[in-house]
Every structure is written in structure tokens, then in C-alpha cells.
Protein chains: 2
Amino acid sequence: MTALETPTLAHVARLANVSENTVSRVIRDKGAIAPETRRRVIEAIDALGYVPNRAAGSLASSSSMIVGVILPSLSNIVFPELLRGIHAGLAGTSYQPMIGVTDYDLEKEQQLISSLLAWQPAAIITTGFDHTDAARRMLEASKVRVGELMDIDRRPIDLAVGLSHRGAGRAMARHLTRRGYSKIAYVGHDWDADRRAHARYRGLCEGLGDVGLALVAEHRVDGPSSTLSGRQALAAILADGAEIEAVAFSNDDMAVGGYLHCLAAAVPVPDRLALMGFNGLEIGQALPKPLATVLSNRFAIGKTAVETLLKSPDRAFEPAIIDTGFTIIDGATA
Amino acid sequence: MTALETPTLAHVARLANVSENTVSRVIRDKGAIAPETRRRVIEAIDALGYVPNRAAGSLASSSSMIVGVILPSLSNIVFPELLRGIHAGLAGTSYQPMIGVTDYDLEKEQQLISSLLAWQPAAIITTGFDHTDAARRMLEASKVRVGELMDIDRRPIDLAVGLSHRGAGRAMARHLTRRGYSKIAYVGHDWDADRRAHARYRGLCEGLGDVGLALVAEHRVDGPSSTLSGRQALAAILADGAEIEAVAFSNDDMAVGGYLHCLAAAVPVPDRLALMGFNGLEIGQALPKPLATVLSNRFAIGKTAVETLLKSPDRAFEPAIIDTGFTIIDGATA
DNA sequence: CTGTTAGCGCCTTCAT
DNA sequence: ATGAAGGCGCTAACAG
């Protein structure tokens with residue numbers, strides 16, 4: 001043994017006195033192997049500290065243990081949480097997530113899909129249904145499993161896992177109106193990047209319309225959501241002077257900012273102004289009054305998605321949709 | 001052209017009327033190529049929509065465009081931010097990050113190092129200096145570049161990028177004592193998992209010792225840091241009755257929780273109680289009074305690390321250490 | 001500046 | 001239940 005150089009299948013085979021093929025079978029747990037043979041092989045494997053070369057395996061089998069994960073952003077805490085769920089679903093398997101970030105740019109997404117496909121991954125996971133035509137074609141043409149996460153309001157390529165954002169918006173409207181608020185305003189962020197926020201807005205308006213109401217004011221900031229911009233946006237909309245009893249925010253980041261403005265400006269919540277967010281972030285529940293919000297179960301979405309995708313290497317005839325639902329969190333701010 | 005099947009180098013070569021090798025050279029931008037030849041090759045590449053098979057490339061070159069990234073957690077926002085920095089450093093290159101999460105478990109880290117090395121990555125990035133012996137041996141034996149991030153207080157295997165947590169702790173002590181506080185308490189979380197928090201604690205104690213002071217109280221919660229546990233911990237330490245003028249928290253999560261307790265319990269900040277955190281999270285700056293804290297530049301750490309690691313495929317003779325420093329943020333809570 | 005020749009380490013297929 | 005042969009798609013020498 002010249003040691004030092006990394007051991008290959010051949011080394012293990014020699015040491016265990018079997019063919020490479022048998023070693024390969026043991027590793028992949030495929031085909032029947034005599035218990036005694038398996039024992040010898042395993043012994044040889046850890047005697048040598050053998051670790052299979054994934055590149056060679058992928059090349060030979062034209063498929064890899066990689067799961068490509070494409071996220072719009074890492075700044076928004078919900079995506080790391082989605083990633084956590086994906087990780088949890090991958091735990092105990094040999095799959096490794098390879099990740100990319102689009103910054104909400106569909107061209108970048110297409111680019112990422114292309115480079116991820118170059119690894120012949122077992123699955124590609126992305127968010128939403130918006131893709132460039134080329135991206136969609138590449139995904140459809142490749143035979144990898146495709147998960148489109150967060151949203152379920154359209155027909156997916158292969159599998160969608162998420163919740164109805166329109167439904168969540170309606171639920172927010174229902175919650176607020178049932179609590180007796182009728183002068184309701186909306187404070188949100190950029191819809192171009194965040195289509196799901198827009199869907200919730202539409203649901204909110206529909207829900208209000210159902211009971212003969214409409215938004216009394218709305219304010220949208222440019223750029224992504226953040227605590228700071230939520231704080232500023234609420235200050236701005238209140239400064240406009242419209243009479244407002246409750247504010248529905250595009251998400252918890254914005255809502256927490258709004259709440260902090262109320263604290264700083266001594267606006268009684270919810271008596272003078274009720275606040276409601278979306279997502280159910282931890283920070284919202286740590287506020288002096290826990291935030292009324294809607295729990296979108298990001299972790300479950302990610303976990304369910306990988307588990308479902310990896311169950312079978314092939315797509316079904318019909319795309320599947322898994323609704324992970326949402327839960328109203330009453331809180332104390334609305 | 002039988003279309004449908006994914007094109008390979010051979011297809012491109014045939015179409016461009018050159019050898020496979022030439023195509024390979026064009027793709028990797030290696031060796032001199034006649035402008036005319038390069039044009040033809042590129043034309044053929046996008047005529048066919050050719051995407052190189054990464055597995056084949058890795059196998060042949062025994063090195064891949066993968067950067068293995070091992071994070072202790074995704075729940076703590078600082079690690080997604082570190083990942084953002086890593087991403088930023090990778091932007092515009094063909095490298096792809098493959099990520100793993102240890103949940104602060106060194107055995108899991110070792111396991112991840114092993115499976116990531118199976119991909120023959122260009123570099124492996126992990127956090128801190130604590131690894132199992134086996135893990136350290138694997139990293140040292142492999143010739144991949146190794147980045148150990150966040151901390152710089154020990155000798156790295158290859159490259160360390162981060163800040164001195166002991167120094168940051170001392171800086172917190174200095175800040176608080178200079179502001180005239182002398183009855184200082186500490187509220188923190190689990191040190192076993194978070195060694196850097198422990199290092200800051202030690203620095204804090206040293207810094208106080210330098211001016212003849214010592215902590216008047218301390219409280220540590222089990223488990224990871226969170227806003228909720230910070231809130232509860234501050235409530236607990238105040239209930240104990242010791243006279244306290246200022247509290248140094250193990251990080252901003254805990255400190256924000258503490259601040260929220262003060263808001264809820266109507267404790268005037270900083271007049272009755274001063275608060276200081278660590279990290280410089282956005283949420284701390286959105287509070288009614290911006291949190292006094294220490295900015296640890298996670299994004300820069302990640303970005304600098306990959307940029308430095310990928311500059312050269314080989315390790316230097318001596319390990320390198322890059323200090324990204326920290327910045328006191330005065331805020332208004334201390 | 002370009003082509004030829006050998007693998008890289010594993011998996012698949014077909015035998016036995 | 002195991003082995004032998006061939007090839008996956010690319011890159012690394014070495015020629016020329």
C-alpha cells in the first residue's frame with residue numbers, strides 16, 4: 001500500500017478479495033450480496049478510509065446525489081428557513097444541496113438552472129412559477145424532478161408545495177373584519193420581486209370586497225421588505241391623515257417595523273391602531289404584544305418538498321400539488 | 001442531429017470542425033486559441049445549447065468547481081448572512097456552493113467534511129477551529145483550500161477570516177465602563193455550542209477586570225440564543241434583585257429580547273438600565289432606541305474568505321489570518 | 001495554435 | 001451471488 005494516495009474502489013476490491021463490482025454493489029446497497037462478502041468489503045472500506053468519488057459515480061450513472069436549490073434571496077429570513085426544511089428532509093440521506101441565489105432575477109434563475117443541471121442533480125427546487133421560457137424548457141426537457149415551492153396557485157411543472165397566498169390574503173381580511181375593524185389600510189413592499197406578496201394583497205382586497213369594504217389607504221415602499229422600511233412606511237401612511245383602524249402589512253418584517261413605530265410614537269396598539277402581518281416570524285411573537293399574523297410553514301414546505309421529490313426518481317404523469325396550508329395567529333395586535 | 005439527447009463536447013467539436021480538446025480549451029479559457037477558431041466553437045456551443053458535464057470534468061481533472069460550505073446552523077441569522085457573503089464572493093465565477101449544516105455537532109461536521117471531500121471541491125469553508133481529530137486530519141491531508149471563519153484567535157489549518165471575539169468582549173467592557181456604568185451584568189446563552197460567545201464573555205470579564213470591576217450578576221439560558229429567551233432571561237436576572245446598571249448580552253438576539261422586556265415592563269432604557277448586544281443585526285437598529293452593539297461583519301467575512309481562497313489553488317507555506325475587525329455601534333441603549 | 005492518445009473512478013450490462 | 005468488459009464526458013499530457 002503506497003498509502004497517501006486516496007483509495008479507490010479498486011483498492012478496496014483488492015483488499016477484500018472481490019471484484020470492484022461487488023464493492024460497488026455493497027456501497028449502493030444494490031443486488032444480493034452474501035453476508036460474509038459484505039462484511040469483508042465493509043471491513044476493507046473502513047480499513048482504507050475509502051470515500052467514493054462522487055464525480056466518477058455521477059459520470060457513470062449520469063445522475064448525482066445533488067439537489068439543486070434556487071432561492072430568490074438569503075436576506076429575507078423565510079428563505080433560510082425554507083433551506084432549513086430542505087436540509088431536514090435531506091438529513092440521513094447522502095444527498096447534498098447545492099444552492100444558488102437569484103436576487104429575484106429570472107435571468108439569473110435561468111443561468112443557475114443551467115449550471116445546476118450540468119451536475120445532473122436528482123432534483124431541482126426553486127420558488128414560485130415565474131421562470132423564463134428557456135428556463136422552463138430546460139426544466140421540462142431534463143428528466144430531473146422539479147419542485148416549485150411556496151405557492152400553489154398555478155400548475156407546476158412537476159410538484160408544487162406551499163400555500164395559497166390569495167387565500168392567506170382573504171384570511172387576513174376575514175380576521176380583521178371579524179374583529180370589527182372596517183377602516184383598513186395596507187402597507188407593503190415591492191410586488192415585482194415578490195409576486196406572492198401581491199397575491200396576498202389581491203386576496204385581501206377580495207376578502208374586504210366580500211363584506212362590502214375596501215382599503216382606506218395603501219402605501220408601498222420600493223425595494224424589499226425590512227423592519228426599517230415598515231417602520232417608515234407606517235409613519236408615512238399615518239402622517240397622510242386618513243382615518244385608519246387597522247393595517248395589514250405585506251409581511252412580518254414590515255409589521256414589526258410598524259409596531260416599533262407605534263411604540264416610539266406612543267400609538268396604542270391595538271386600541272388606536274391594529275396591526276397584522278404575514279409569516280409568523282419568531283420576532284413578531286417576542287414583541288411586547290405578540291403580533292397578529294399568518295403562519296406560513298416554510299420549514300414544512302422545504303421538508304415536504306424534498307421528501308416527496310426524492311421518493312421517486314421519475315415524475316408522475318400529472319404534476320402534483322401539496323398544500324401545506326397556513327394558520328392564523330391571533331396575537332394581541334389585532 | 002438526433003437532437004433530444006444532451007450534446008457533449010464531441011458534438012460541439014464535430015459541428016465546429018475542431019478536436020474535442022480545442023473545444024475544451026475554449027470553454028476553460030486555457031491555452032492560446034485562434035480568434036477565428038474560438039468564434040466557430042462558441043457559435044457551435046450555443047447553436048447546440050451545450051452545457052459541460054461537470055461530473056466528467058471533475059473526474060478528469062480531479063477537482064471541481066464546488067466550494068463546500070459547512071455552517072453550524074441556519075436558524076441563527078448570522079450564518080445565512082455569512083452565506084450571503086460567500087455567495088457574493090462566488091458571483092461571476094462558475095463555482096457553486098454545496099452546503100451542509102452541523103447543528104453545532106462536531107461529529108456531523110466530520111461526516112460533512114468527508115462527503116464534501118468526495119466531490120473534490122476547490123475549497124472547504126467551515127466555522128471556528130474546533131474539529132474532531134479525524135476531521136482535522138482529513139482536511140490537512142486533502143490538498144483543498146480550507147477556510148475557518150468567524151474567529152481569528154487560534155492558528156488555522158490554512159486560512160482564518162474573522163474577528164477577535166475576545167477583543168470584542170473587551171471592547172464591550174470598555175464601552176460600558178467609559179459611559180460610566182459600573183454595575184454590569186451578563187445575559188447569555190449556551191457556550192458549549194457557541195464557543196465564540198464564550199470568548200466574548202471572557203474578554204468582557206478581562207476588560208472589566210482591567211478597571212477593577214467584575215460582573216455583578218450573570219444569567220445563562222440553555223440552548224441557542226433567541227429573542228424570546230433573551231426576554232425571559234433579562235426578566236429573570238432583574239427579578240433576582242441585584243442592583244444592575246447595564247447588561248451585556250451574548251448577542252443581539254438576546255439583547256433585542258431584553259429590550260422588548262424593558263418595553264413591556266416599562267423599564268427606562270438606558271436611564272434605569274443600559275443594554276448592549278453583539279452582531280449589529282438590522283432589527284436592533286429598528287428598535288425605538290437603536291441598540292448599542294458591536295458590528296461583526298459577517299458578509300465581509302464570507303466574501304473575503306472565498307475571494308482569498310479561490311485566488312490560489314494551493315495553500316501557502318504558512319496559514320494566513322485575515323482580521324475583518326469589528327465596529328462599536330453606539331446606539332441609544334447604552 | 002491544434003490534434004492524438006490515455007486515462008480519471010465508477011456503474012451498467014451481460015455473463016457465469 | 002459474483003465477475004469481466006466497456007464506456008460515461010471530459011482533461012492531461014505529449015506531439016506536431
Side-chain angles (χ1 to χ4, degrees), chain A residues 5-42 44-45 48-66 94 115 117-122 142-143 313, chain B residues 5-42 44-45 48-66 94 115 117-122 142-143 313:
Chain A
E5 77 185 295
T6 49
T8 70
L9 260 197
H11 299 146
V12 177
R14 211 166 305 141
L15 185 57
N17 237 291
V18 293
S19 71
E20 297 188 22
N21 205 317
T22 303
V23 180
S24 176
R25 280 177 182 122
V26 170
I27 287 169
R28 287 172 301 136
D29 208 16
K30 248 195 172 172
I33 271 114
E36 161 58 12
T37 311
R38 153 173 279 116
R39 207 191 43 68
R40 278 209 330 278
V41 169
I42 289 177
I45 285 177
L48 296 174
Y50 168 72
V51 176
N53 180 323
R54 295 287 179 194
S58 302
L59 178 58
S61 67
S62 43
S63 77
S64 75
M65 299 298 269
I66 289 175
S94 305
S115 24
L117 284 175
W119 288 103
Q120 312 200 113
S142 85
K143 276 142 303 189
Chain B
E5 77 185 295
T6 50
T8 69
L9 260 197
H11 298 147
V12 177
R14 210 167 303 140
L15 185 57
N17 237 289
V18 293
S19 72
E20 297 187 24
N21 207 309
T22 302
V23 179
S24 176
R25 282 177 182 121
V26 170
I27 286 170
R28 287 173 302 140
D29 209 14
K30 249 199 172 171
I33 272 112
E36 162 58 11
T37 311
R38 152 173 279 117
R39 207 191 43 67
R40 279 213 324 281
V41 170
I42 289 178
I45 285 176
L48 295 175
Y50 168 71
V51 177
N53 179 324
R54 293 288 179 192
S58 303
L59 179 58
S61 67
S62 44
S63 78
S64 75
M65 299 299 268
I66 289 176
S94 304
S115 28
L117 283 175
W119 288 103
Q120 312 201 115
S142 85
K143 276 140 304 190

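Letters A, B, ... are given to chains in the order of the sequence lines, protein chains preceding strands, and every chain is numbered from 1. Values reported hereafter were calculated over all heavy atoms of this structure, with side chains retained and with hydrogens, waters and symmetry mates removed.
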S.K.: Closest approach of A:Gln120 and A:Ser58, non-hydrogen atoms and distance?
M.R.: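 So the two residues come closest at NE2-O, 3.9 Å.
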
S.K.: By side-chain contact (heavy atoms from CB on, under 4.5 Å), which residues pair with B:Ile42, not counting sequence neighbours?
M.R.: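 For B:Ile42 the side-chain contact (heavy atoms from CB on, under 4.5 Å) partners, ignoring immediate neighbours, are B:Val26, B:Arg38, B:Asp46.
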
S.K.: B:Arg54 and B:Ser94: side-chain contact (heavy atoms from CB on, under 4.5 Å), yes or no, with the steps?
M.R.: CA-CA 11 Å; B:Arg54 293 288 179 192; B:Ser94 304; 3.8 Å; yes

S.K.: For a quick test of reading the model, state the closest non-hydrogen atom pair linking B:Pro7 to B:Leu48 and the distance between them.
M.R.: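 That closest heavy-atom pairing would be CG-O, 3.5 Å.
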
S.K.: Give me the atom names and distance for the closest heavy-atom approach of A:Pro52 to A:Ile27.
M.R.: CG-CG2, 4.4 Å

S.K.: Begin from the C-alpha positions of B:Val51 and A:Leu117 and carry the test side-chain contact (heavy atoms from CB on, under 4.5 Å) through to its verdict.
M.R.: CA-CA 8 Å; B:Val51 177; A:Leu117 284 175; over 6 Å; no

S.K.: Please list, in numerical order, the residues of residues 50-57 of chain B that have a heavy atom closer than 4.0 Å to any atom of DNA chain D.
M.R.: B:Tyr50, B:Pro52, B:Asn53, B:Ala56, B:Gly57

S.K.: Can you confirm whether A:Ser63 sits close enough to A:Trp119 that some side-chain heavy atom of one is under 4.5 Å from a side-chain heavy atom of the other?
M.R.: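 Not touching, per the 4.5 Å side-chain cut-off.
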
S.K.: Wobble G-U and Watson-Crick pairs count when both distances are under 3.5 Å; given that, what is the 5' to 3' dot-bracket string of DNA chain C, with | for pairing to other strands?
M.R.: ||||.|||||||||||

S.K.: Can you list the steps and then say if A:Leu9 with A:Tyr50 is a side-chain contact (heavy atoms from CB on, under 4.5 Å)?
M.R.: CA-CA 8 Å; A:Leu9 260 197; A:Tyr50 168 72; 3.7 Å; yes

S.K.: Distance under 4.0 Å to a non-hydrogen atom of chain B counts as contact; along DNA chain C, which nucleotides mark the start and end?
M.R.: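 So the contact region on DNA chain C extends C:dC1 to C:dG9.
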
S.K.: Taking the nucleotide of DNA chain C with the nearest heavy atom to each, does B:Pro35 or B:Ser62 sit closer to the 5' end?
M.R.: B:Pro35

S.K.: At 4.0 Å (heavy atoms only), tell me whether A:Ile33 reaches a base, stays on the sugar-phosphate, or touches nothing.
M.R.: sugar-phosphate

S.K.: Just by modelled atom types, is the B:Glu20 backbone N or O under 3.5 Å from a matching donor or acceptor in the B:Ser24 side chain?
M.R.: no

S.K.: Would you mind classifying the nucleic acid contact of A:Leu9 as base, sugar-phosphate or nothing, using non-hydrogen atoms under 4.0 angstrom?
M.R.: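 Touches sugar-phosphate only.
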
S.K.: Report the residue from B:Thr22, B:Asn21, B:Asn17 that forms a side chain to side chain donor-acceptor pair (under 3.5 Å) with B:Ser19.
M.R.: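 Single pass found, and it is B:Thr22.
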
S.K.: Is there a residue in residues 19-26 of chain A whose heavy atoms reach under 4.0 Å of DNA chain C, and which residues are they?
M.R.: A:Glu20, A:Asn21, A:Ser24

S.K.: Have a look at A:Val23 and tell me which of A:Leu15, A:Ile33, A:Thr37, A:Val12 forms a side-chain contact (heavy atoms from CB on, under 4.5 Å) with it.
M.R.: A:Val12

S.K.: Between A:Val41 and A:Ala16, which heavy-atom pair has the shortest distance, and what is it?
M.R.: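 That would be CA-CB, 3.9 Å.
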
S.K.: What do the steps show when you test A:Asn53 against A:Thr8 for side-chain contact (heavy atoms from CB on, under 4.5 Å), and what is the final call?
M.R.: CA-CA 8 Å; A:Asn53 180 323; A:Thr8 70; over 6 Å; no

S.K.: Regarding B:Ser58, tell me which of base, sugar-phosphate or nothing describes its non-hydrogen contacts under 4.0 Å with the strands shown.
M.R.: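 Contact class for B:Ser58: none.
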
S.K.: Check every nucleotide of DNA chain D for an atom under 4.0 Å from a heavy-atom of chain A, then give the first and the last such nucleotide from 5' to 3'.
M.R.: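 Nucleotide range with atoms under 4.0 Å of chain A: D:dA1 to D:dG9.
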
